[in-house]
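Heads up: the structure comes next, in structure tokens.
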Amino acid sequence: MTTVLTPASPLTAADRCDRCGAQAYLRIVLTSGGELLFCAHHGRKFEPELKKIAVEIQDETGRLTTTPATAEPDER
Ligand SMILES: [Zn+2]
């Protein structure tokens, strides 16, 4: 089980996936001291491997499914 720590610095639109260049939603801090950035797709894909080499996984993929605050009260 990997502990997901509270983000120290939120990922921004300037952070890009190391594999495909899409906006990054995961930051992986490696035991070696390096950092990797992944989009939600590649974060999921490499998650099993990343958990072996990461000391911290900053997961902001939850922002992708956040319900808009502008939901209409009478949507029915
Ligand atoms: Zn990607």
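Just so you know, these numbers come straight off a predicted model, no measurement behind them. For ligands, and for the atoms within them, numbers begin at 1 and follow the listed sequence.
Using a 4.5 Å heavy-atom cutoff, the side chains of L26 and E47 are not in contact.
Closest heavy-atom contact between E35 and D18: O-OD2, 4.4 Å.
At the Zn ion (ligand 1), the vertex angle linking SG of C20 with SG of C39 is 110° (nearest 10 degrees).
Between F46 and H42, the angle of the ring planes stays under 30°, which puts this pair in the parallel group of the 30/60° scheme.
Among the heteroatoms counted here (N, O or S) of H42, ND1 is the one nearest to the Zn ion (ligand 1).
H41 lies apart from the Zn ion (ligand 1) in this respect, since none of its N, O or S atoms is found at a distance under 2.8 Å.
Between the side chains of Q58 and E56, no donor-acceptor pair is found at a separation under 3.5 Å.
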